[in-house]
Amino acid sequence: MTSTSDTEVVIIGGGAAGIAAARRIVDAQLGCLLLEARSRLGGRAWTSTEHSAFPIDLGCGWLHSADRNPWRDAAEAQRRSIDKTPPPWMRPSAPIGFPLSEQLAFLKAQQEFHHRLDSLSEEQPDVASASFLEPREQWNALINAVSTYVSGAELDRVSARDLGRYADSGVNWRVVEGYGTVIATHGHGLPVILGCPVRLIDHRGRRLKVETTNGPIVADAAIVTIPSTILAEETMRFIPPLAKKTEAAAGLPLGLADKLFLSLAQPEEFEKESRLFGRIDRSETGVYHVRPFGRPQIEGYFGGRLAADLEAGGVAAFADFAIRELVGLLGSHFANRVRPLKLHPWGVDPFSRGSYSYASPGKADCRAELAAPVDDRLFFAGEACSQNDFSTAHGAYLTGIAAAERLIAARGRKR
Ligand SMILES: Cc1cc2nc3c(=O)[nH]c(=O)nc-3n(C[C@H](O)[C@H](O)[C@H](O)COP(=O)(O)OP(=O)(O)OC[C@H]3O[C@@H](n4cnc5c(N)ncnc54)[C@H](O)[C@@H]3O)c2cc1C
């Protein structure tokens, strides 16, 4: 039986993981309700069409590992346009403030850093990724800046073991209509309650009691897909508490990465899909994707402590910082050619509290702990639960499917 107060399976969180899980549960013909705190589906996948003449992805934008990414199949099924232009980080940057010879030297230093990091065997103790920086290497600051874009955190906070476990096929594509559009569309037709934050799950009795701001819901099983930060902060609680889960989530904080979209006047001066680093001598710097999809825009990307500091000052702080860096590269007249369009501060967003998970040093195995079911009726999914595809939308999808399969098997055993 499924009503808005009694169902077989409740899914908490309508992001990539929750949508994938709900679709699988519905396909298995189990009763299901997807509870989402926000007024929209998608979570950290969010395409906005309000602030720009083009759809802009405020959260995930790249179909990483696109050759094996299940969201690519969904995009194709929805007849979206897939752009296969290689990403700016796999091509040389514009030689503005960063001559090509220096780019080559940086690339070499970065490759050597990753080579050293990958040499950490499973038998050795885990350490911070920063341990693999070569002391006094000229490019350490920029390698660290890239870590703030990739992990949302500087290398001193990131587990080397976890980073080494990340699997990337090297194929990165985009969806012209927006990655967020594909993910939200995949949720169309599911039994969803929007604007419904869950406050606690009471799992003392025979059935689960799920307390929401809209009233209680009773269910036999749940798939919890809320971000690890929210589990760690216990904004949503369990009775009795799940101490091991909270501890695992605390080992997997969400790093911070924010995008600022700027409009760009006289765009023809720049090559389409080019890239600029604000500075190459410090880790607190933005990276600027100029004319993404050939559009008259710049997408600024800011990560780690810099993004956290800027969030304290709001959109104006991001715009000031970005324009100052761009003027530093392109001259004072450039300030008149750009205008801020949109930024979403993911760190202060109460339903994400960050952008994507990294593991703290020594905490790589928290991902398996976080993903482990409790009593065959509380299941967990979300990008932070993925061993090898964490921090991504396709990782979230795969954990959602895995949790749903486990739940379906457990329900089969109970019948
Ligand atoms: C700026 C940025 C850029 C990114 N770029 C990429 C990229 O290029 N490629 C890529 O693959 N990934 C990227 N990501 C990461 C990707 O967006 C996420 O990994 C993925 O969307 C996470 O999906 P999820 O389902 O695990 O979590 P979420 O999307 O966070 O879903 C969890 C849901 O739970 C809801 N929720 C929270 N609390 C409650 C509650 N108490 N009750 C009910 N609901 C609740 C939230 O509102 C949310 O909808 C990016 C993210 C950001 C922020």
Side-chain angles (χ1 to χ4, degrees), residues 10-22 34-47 56-66 69-72 87 89 149-152 168 172-175 179-180 182-184 187 192-201 210-214 222-231 233-237 252 254-261 289 299-303 307 343-347 349-357 370 380-386 389-400 403:
V10 75
I11 295 170
I12 301 173
I19 292 170
L34 175 58
L35 308 179
E36 167 52 48
R38 302 176 198 267
S39 57
R40 60 170 181 84
L41 283 180
R44 286 172 271 163
W46 183 18
T47 305
I56 50 178
D57 274 314
L58 299 167
C60 55
W62 290 93
L63 289 157
H64 295 310
S65 298
N69 185 324
W71 288 120
R72 190 210 57 207
W89 66 87
Y149 314 138
V150 171
S151 302
D168 184 354
N172 300 279
W173 295 339
R174 283 166 300 173
V175 183
Y179 204 163
V182 172
I183 293 173
V192 175
I193 307 181
L194 295 175
C196 184
V198 173
R199 287 199 290 238
L200 75 84
I201 301 180
V210 179
E211 230 179 68
T212 81
T213 52
N214 303 12
I223 301 180
V224 177
T225 77
I226 63 176
S228 50
T229 325
I230 293 179
L231 278 175
E233 289 171 355
E234 297 190 89
T235 320
M236 197 205 84
R237 294 183 303 119
L252 303 167
L254 259 56
L256 188 55
D258 288 323
K259 294 177 185 178
L260 171 69
F261 287 84
H289 184 172
E299 181 187 308
Y301 212 88
F302 310 87
L343 170 128
H344 183 72
W346 291 100
D349 180 329
F351 300 122
S352 57
R353 305 284 292 117
S355 302
Y356 27 83
S357 69
L370 189 64
F380 291 82
E383 56 86 9
C385 294
S386 172
D389 297 307
F390 50 83
S391 80
T392 68
H394 65 278
Y397 179 104
L398 294 170
T399 62

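These numbers come from the heavy atoms of this one structure, side chains and all, not from hydrogens, waters or symmetry mates. For ligands, and for the atoms within them, numbers begin at 1 and follow the listed sequence. The first residue of the sequence shown is numbered 1, and numbering continues consecutively from there.
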Atom 25 (O) of ligand 1 has as its nearest protein heavy atom A17 N, 2.9 Å

Please list the nearest protein heavy atom to atom 48 (C) of ligand 1 with its residue and the distance rounded to 0.1 Å.
E36 OE1, 3.4 Å

Where is the nearest protein heavy atom to atom 43 (C) of ligand 1: which residue, which atom, and how far?
A37 N, 3.5 Å

Should P197 be listed as contacting ligand 1, given a heavy-atom distance under 4.0 Å as the test?
yes

Are any of the heavy atoms in G42 under 4.0 Å away from ligand 1?
yes

Out of R44, R199, R174, H394, who gets a non-hydrogen atom closest to atom 21 (O) of ligand 1?
R44

Identify the heavy atoms of F380 and A403 that sit nearest to each other, and give their distance.
O-CB, 3.8 Å

Of all protein heavy atoms, the one nearest atom 3 (C) of ligand 1 is Y301 OH, 3.2 Å

Would you say L58 contacts ligand 1, with heavy atoms under 4.0 Å as the rule?
yes

Side chain, backbone, both or neither: the part of W62 lying under 4.0 Å from ligand 1 by heavy atom
both

Can you report which non-hydrogen protein atom sits closest to atom 31 (O) of ligand 1, along with the distance?
G15 CA, 3.4 Å

Looking only at protein heavy atoms, what sits closest to atom 26 (O) of ligand 1 is E383 N, 2.9 Å

Top protein contact for atom 37 (C) of ligand 1, by heavy-atom distance
F351 O, 3.5 Å

Please work out whether any backbone atom (N, CA, C, O) or any side-chain heavy atom from C-beta onward of H64 is under 4.0 Å from ligand 1, and answer side chain, backbone, both or neither.
side chain

Any donor-acceptor N or O pair under 3.5 Å, side chains D168, H64
no

Looking at A396, G59, A393, the heavy atom closest to atom 24 (P) of ligand 1 belongs to A396

In the protein, what heavy atom is nearest to atom 32 (C) of ligand 1, and what distance, to one decimal place, separates them?
T225 O, 3.5 Å

Does R40 make a cation-pi contact with W46, if we ask for NZ or CZ under 6.0 Å from the ring centre and within 45° of the axis?
yes

Per-atom filter on ligand 1: closer than 4.0 angstrom to a heavy atom of G43 are 29 (O), 48 (C), 49 (O)

Should W71 be listed as contacting ligand 1, given a heavy-atom distance under 4.0 Å as the test?
no

Find all atoms of ligand 1 within a distance of less than 4.0 Å from any non-hydrogen atom belonging to A257, and give their numbers and elements.
1 (C)

Evaluating non-hydrogen atoms only, which member of A381, A307, P345, C60 is closest to atom 14 (N) of ligand 1?
C60

Any side-chain heavy-atom pair of R44 and P227 under 4.5 Å
yes

